[in-house]
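Scope of the values below: all heavy atoms of this structure, side chains included, with no hydrogens, waters or symmetry mates. In listed order, ligands and their atoms are each counted from 1. In what follows, residues are counted from 1 in the order of the sequence shown.
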Amino acid sequence: MGTLYPSYLNLLESGELQRRADRAWEMLESCTICPQNCHVNRLAGKRAVCRSATEIIVGSWNVHRREEPPISGTRGAGTIFFGHCQARCTYCQNYWLSQDGKGQQVTPARLAQMMLFLQKRRVHNLDFVTPTHYVPQILTALVIAAAQGLRLPIVYNCAGYENMETLALLDGVVDIYLPDAKYADDKQALRTSKMPHYVESNRQTLREMYRQVGPLTLDADGIGVRGLLIRHLVMPNDISGTPEVLRWIADELGPDTPVSVMDQYFPAWKAHNDPLLNRRLNWHEYRAAVDAMEAAGLTDGFLQEDLMELDHSDAV
Ligand code: SF4
């Protein structure tokens, strides 16, 4: 029999998807799901950086039309926003969900129902946002949903801060990786997002994702089928180290690696009190990021159409 699509159907048939879910749950006993490596027993209800034990918090699940064009397509992405997070980005625009966990608590069976509900809405894919700390629960839900007819490809929309064992469990499960490349400097990553050793972890993550799926490929209608699309949020005062991030991607993964260079930073949550982060980008800063993309030799990706809506007050 030929290879099935989405790829998790192959793993479902062989029983491997259930084995992956079982292994992921075992990892919660001394949690190393992500590079925070907290080693707490989440199965016993202990919580650490992500404030999560075994329950799942979902903030919303709906059709989302504002992702990049190959993800949203014409019918939208089926986006599920998860609560809590492995990071503490001081500027988080969803802090009510990522930090305060103000969503609804659901079981894997309920999460599977949400996936199937979104499929009925005819979305192009399932877009899991901030999924990392819930990989065991998501795999269990996927076993249930796939057995009941789920056929949507999976988009794994994350901070780009993954452990290799967790990514190995997702090999052949995730069709499209949509990770961030947030910083080029560990000091900034720690100060602003409380993610230790981010740069090396991020680079290892991106390499492994690229190895699994390659650069993003599209179908005849321009909809993403499989591959890696990296996101980079340009931040004020180059906190994000944009030229170095983009250069590394071009040099290490290849100039055809698609990158979405985003301009929508605005100060939220604690960033209002941070003198380096308490404003939006100015025109020069986003222009410099666009130039850096060109200088790095990156040939594929997305720039923001609302560039011209940026504050031009200090533009020449
Ligand atoms: S998933 Fe949560 S508890 Fe586990 S290592 Fe990451 S932050 Fe720590």
Side-chain angles (χ1 to χ4, degrees), residues 20-59 80-108 111 127-143 154-171 173-174 177-183 186-209 269-270:
R20 301 268 186 101
D22 293 345
R23 174 58 198 144
W25 280 95
E26 282 171 17
M27 289 172 71
L28 296 186
E29 194 169 354
S30 175
C31 191
T32 53
I33 288 284
C34 87
Q36 296 281 5
N37 292 321
C38 300
H39 288 284
V40 293
N41 186 349
R42 290 174 57 187
L43 296 176
K46 303 289 184 207
R47 298 165 200 275
V49 174
C50 67
R51 298 186 177 118
S52 303
T54 56
E55 74 288 344
I56 313 165
I57 301 292
V58 170
I80 300 179
F81 283 92
F82 289 106
H84 293 304
C85 186
Q86 56 182 165
R88 295 258 186 287
C89 299
T90 56
Y91 51 90
C92 183
Q93 297 165 7
N94 294 320
Y95 67 94
W96 59 275
L97 180 61
S98 71
Q99 306 304 316
D100 299 344
K102 287 188 178 147
Q104 67 168 276
Q105 190 169 316
V106 301
T107 61
L111 181 57
D127 178 19
F128 296 145
V129 182
T130 320
T132 304
H133 53 299
Y134 290 142
V135 162
Q137 294 91 329
I138 289 170
L139 287 173
T140 296
L142 197 55
V143 169
I154 302 295
V155 178
Y156 190 82
N157 182 337
C158 67
Y161 188 60
E162 306 289 318
N163 266 352
M164 290 307 102
E165 185 176 1
T166 307
L167 277 184
L169 297 175
L170 298 175
D171 192 358
V173 175
V174 171
Y177 282 111
L178 189 57
D180 294 331
K182 286 180 181 292
Y183 303 101
D186 278 338
K187 283 203 253 5
Q188 298 296 1
L190 196 57
R191 184 186 89 89
T192 311
S193 293
K194 297 282 184 293
M195 288 191 281
H197 314 295
Y198 180 82
V199 177
E200 188 44 40
S201 290
N202 179 241
R203 291 176 177 181
Q204 202 179 30
T205 294
L206 299 182
R207 276 195 203 99
E208 172 59 15
M209 290 175 170
W269 198 36
K270 295 179 176 173

Next on the checklist: If I take every N, O or S atom of C38, is at least one of them less than 2.8 Å from atom 8 (Fe) of ligand 1?
Outcome noted: yes
Checklist entry - Is there a side chain to side chain donor-acceptor pair (under 3.5 Å) between Y198 and S193 once you walk through the steps? => result CA-CA 9 Å; Y198 180 82; S193 293; over 6 Å; no
Next on the checklist: Which residue and atom name correspond to the protein heavy atom nearest atom 6 (Fe) of ligand 1, and how close is it?
Outcome noted: C34 SG, 2.4 Å
Item to check | Least distance between heavy atoms, M209 atom then P179 atom | outcome: SD-CG, 3.6 Å
Next on the checklist: Residue-level breakdown please: for N37 versus ligand 1, do any non-hydrogen atoms fall below 4.0 Å on the side chain, on the backbone, on both, or on neither?
Outcome noted: backbone
Checklist entry - I33 heavy atoms, cut-off 4.0 Å: which ligand 1 atoms fall inside? => result 1 (S)
Next on the checklist: At less than 2.8 Å, would any N/O/S atom of C50, backbone or side chain, sit next to atom 4 (Fe) of ligand 1?
Outcome noted: no
Item to check | ligand 1 atoms in contact with H133 (distance to a heavy atom under 4.0 Å) | outcome: 1 (S)
Checklist entry - Can you list the atoms of ligand 1 that are under 4.0 Å from a heavy atom of C31? => result 1 (S), 3 (S), 4 (Fe), 5 (S)
Next on the checklist: Looking at R23 and E26, is any side-chain nitrogen of the basic one under 4.0 Å from a carboxylate oxygen of the acidic one?
Outcome noted: yes
Checklist entry - Between Y183 and L190, is there a donor-acceptor pair closer than 3.5 Å when you use the side chain of the first and the backbone of the second? => result no
Item to check | ligand 1 versus R42: contacting region, heavy-atom distance under 4.0 Å | outcome: side chain
Checklist entry - With no hydrogens and no angle check, do the side chains of E162 and Y156 hold a donor and an acceptor under 3.5 Å apart? => result yes
Next on the checklist: Does Q104, at its CD atom, have more than 12 non-hydrogen atoms belonging to other residues, nucleotides or ligands within less than 6.0 Å?
Outcome noted: yes
Checklist entry - Any donor-acceptor pair under 3.5 Å linking the side chain of N94 with the backbone of L97? => result no
Checklist entry - What atoms of ligand 1 come closer than 4.0 angstrom to any heavy atom of V49? => result 7 (S)
